[in-house]
Amino acid sequence: MTAGAGGTVAVELPDVVRVAEDLAAGRRDDVDECLRVVLAGLRERLGFDVTFVGELVGGDRVVRAVDLPDGSDVLHPGLREPCQDTWCARVVDGQVPQLVPDAREEPSVQDLAVTRSAPIGTHLSVPIRFSDGTVFGTLCGFTHVPDPTIRARDLGVMGLLAHLLARHLEADRLPPAEHGRTRDEVVTVLESGGPGLVFQPVRDLLTMHVLGYEALSRFDDGRGPDAWFARAALVGLAVQLEVSAVRRAVDHLPTLPDDVYLAVNLSAAALCSADLLDALVGVDMSRVVLELTEQTGVPDYDVLRSRVALLRERGARVAVDDAGAGYAGLQRILEMSPDIIKLDKAMVSDVADDQARQAMVSALTWFTRRTGATLVAEGVEDVAQVIVLRDLGVTAAQGYHLGRPGPVGAGR
């Protein structure tokens with residue numbers, strides 16, 4: 001935190017994120033105070049006049065916490081209104097954009113009384129979703145007059161904070177016994193050295209030579225890795241579980257041919273953790289690709305770039321996931337200057353028959369050539385996709401047609 005004008009304390013965004021992370025990890029139980037700090041820091045950092053958390057309860061929206069200037073009575077904790085009368089429910093349903101630059105020009109909210117009665121200029125709102133997809137409510141902020149400095153990038157900040165708050169709120173709803181069982185399950189995996197691993201080959205599409213392997217986590221109980229990492233997040237152990245998978249993966253490097261790389265998946269939080277640096281001590285980083293998979297946004301690209309620069313100095317390369325899947329993936333490409341760009345499997349699935357997808361792939365191929373990056377297509381399932389991707393200039397890919405995940409070094 002830094003001192004602001006008149007001796008007041010200005011809350012920096014990293015402070016806000018740390019408080020939210022502490023709350024999500026169960027290191028703090030003063031929920032109301034943490035929400036206040038998060039909302040106050042968010043309001044100050046993004047220049048909002050009002051920030052609040054709204055909970056959807058039955059057919060109503062209830063204000064769970066709010067931060068706004070003294071003397072204002074626009075919203076207050078406990079305020080309960082029918083969902084049909086609120087922006088929150090319409091954002092969750094997709095009827096209203098998450099970013100509205102000027103409420104006066106947004107047709108989807110002009111029938112709401114609050115749009116006319118409350119001074120709403122620029123409005124941002126993101127759903128707070130639990131790991132099973134259930135929506136708790138929304139994290140919202142708005143200005144009284146339109147503010148052109150609030151941009152789509154700020155949705156990344158909102159999204160990350162909403163994700164962290166969701167982790168705490170969901171864990172808070174777990175019965176104590178279930179919370180304990182979940183934590184015990186994750187701790188057992190950690191004590192065993194981390195999740196099991198399989199390795200999927202990445203091939204050169206011209207020669208079919210294996211360029212590298214992506215390490216993928218697997219668990220013995222049949223639940224998928226997404227479910228396991230979501231449960232680990234509920235008990236504050238997601239980063240530890242990710243790092244344990246990386247530690248186990250790099251142990252296999254000596255068994256791989258010298259001319260292939262090993263790709264490991266990491267969220268932004270795990271990539272920036274001290275535990276990761278410990279796991280990579282003594283590792284030949286020139287053969288490691290760090291694949292950034294976080295989809296909730298990155299709160300501070302300066303911090304992330306600093307960590308990436310440190311690991312690049314040791315020879316590591318960086319990949320970003322989900323190119324073509326939306327704004328967040330493209331934002332990471334522009335911010336991170338990656339060495340490898342992963343073309344999302346949703347773009348690959350119909351590429352043989354869809355001219356729009358072909359145009360997107362062609363544009364990304366041109367972009368990677370201009371920037372010196374490599375484009376890797378994910379989810380290649382048949383020979384028709386291989387042919388079209390080759391014709392569009394894609395030189396590397398992975399997918400079941402090219403090699404299923406299996407034991408280390410399989411599929412050469």
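Position 1 is the first residue of the sequence; numbering continues from there.
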Exercise. Is the ring centre of Y213 less than 6.0 Å from the ring centre of H252?
Worked result: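 Between H252 and Y213, which both carry aromatic rings, the centre distance is not below 6.0 Å.
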Hey, is the main chain of [Y] close enough, under 3.5 Å, to the side chain of [X] for a donor-acceptor pair?
X: R248; Y: P195; answer: yes
X: R90; Y: S108; answer: yes
X: D382; Y: Q385; answer: yes
X: R116; Y: Q110; answer: yes
X: H144; Y: P119; answer: yes

If you measure from [atom1] on [X] to [atom2] on [Y], what distance do you get to the nearest 0.5 Å?
X: H123; Y: L99; atom1: NE2; atom2: CG; answer: 10.5 Å
X: L112; Y: E106; atom1: CG; atom2: CD; answer: 10.5 Å
X: L42; Y: L46; atom1: CG; atom2: CG; answer: 5.0 Å
X: S125; Y: L155; atom1: OG; atom2: CG; answer: 9.5 Å
X: R390; Y: L205; atom1: CZ; atom2: CG; answer: 6.0 Å
X: L75; Y: L79; atom1: CG; atom2: CG; answer: 6.0 Å

Please examine the side chains of [Y] and [X], heavy atoms only from C-beta on, and report whether any two atoms are closer than 4.5 Å.
X: S217; Y: L197; result: yes
X: V288; Y: V283; result: yes
X: V135; Y: L56; result: yes
X: L280; Y: L311; result: yes
X: I120; Y: V100; result: no
X: R317; Y: L290; result: no
X: L266; Y: L292; result: no
X: V243; Y: S273; result: yes

Problem set entry | Shortest non-hydrogen contact from L304 toward C272 |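 Shortest heavy-atom separation between L304 and C272 comes out as CD1-SG, 3.6 Å.
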Exercise. Of the non-hydrogen atoms in A396 and V202, which two are nearest, and what is the gap between them?
Worked result: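 Between these two residues, the closest heavy atoms are CB-CG1, 4.4 Å.
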Problem set entry | D221 atom CG, neighbour heavy-atom count above 12 within 6.0 Å |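 Yes, because the 6.0 Å sphere around CG of D221 holds more than 12 heavy atoms from other groups.
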Would you please say whether a donor-acceptor pair under 3.5 Å links the side chains of [X] and [Y]?
X: D147; Y: T149; answer: yes
X: Q200; Y: Q398; answer: yes
X: S349; Y: E381; answer: no
X: T115; Y: W87; answer: yes
X: E214; Y: N265; answer: yes

Problem set entry | From CA spacing to verdict: side chain to side chain contact (heavy atoms under 4.5 Å, CB included), V189, L241 | CA-CA 8 Å; V189 172; L241 191 59; 3.8 Å; yes
Problem set entry | Working for side chain to side chain contact (heavy atoms under 4.5 Å, CB included), residues R312 and D339 | CA-CA 10 Å; R312 273 181 166 150; D339 306 285; 3.1 Å; yes
Problem set entry | Of all pairs that satisfy ring pair (Phe, Tyr, Trp, His ring centres under 6.0 Å), the ones with a partner from residues 33-63, not counting sequence neighbours |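 Sorted pair list comes back empty.
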Exercise. So E378 and K342, salt bridge (charged side-chain N to carboxylate O under 4.0 Å, His left out) or not? Walk me through it.
Worked result: CA-CA 7 Å; E378 294 185 291; K342 304 292 290 289; 3.3 Å; yes
Exercise. Run the salt bridge (charged side-chain N to carboxylate O under 4.0 Å, His left out) check on R231 and E185 step by step: do they pass?
Worked result: CA-CA 9 Å; R231 288 173 65 80; E185 288 178 351; 3.2 Å; yes
For this session: Kindly write out the residues that satisfy salt bridge (charged side-chain N to carboxylate O under 4.0 Å, His left out) with R287, not counting sequence neighbours, or none if the list is empty.
Result: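 Partners of R287 by the salt bridge (charged side-chain N to carboxylate O under 4.0 Å, His left out) criterion come out as none, since no residue qualifies.
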For this session: May I ask you to check if R404 and Y400 form a cation-pi contact, with NZ or CZ under 6.0 angstrom from the six-membered ring centre and within 45° of the axis?
Result: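 Relative to the ring axis of Y400, which defines the angle, R404 lies inside both limits.
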Problem set entry | Steps toward side chain to side chain contact (heavy atoms under 4.5 Å, CB included) verdict (L124, C140) | CA-CA 6 Å; L124 266 72; C140 306; over 6 Å; no
Exercise. Yes or no on side chain to side chain contact (heavy atoms under 4.5 Å, CB included) for L389 and V361, after CA distance, side-chain angles and deciding distance?
Worked result: CA-CA 8 Å; L389 289 169; V361 173; 4.3 Å; yes
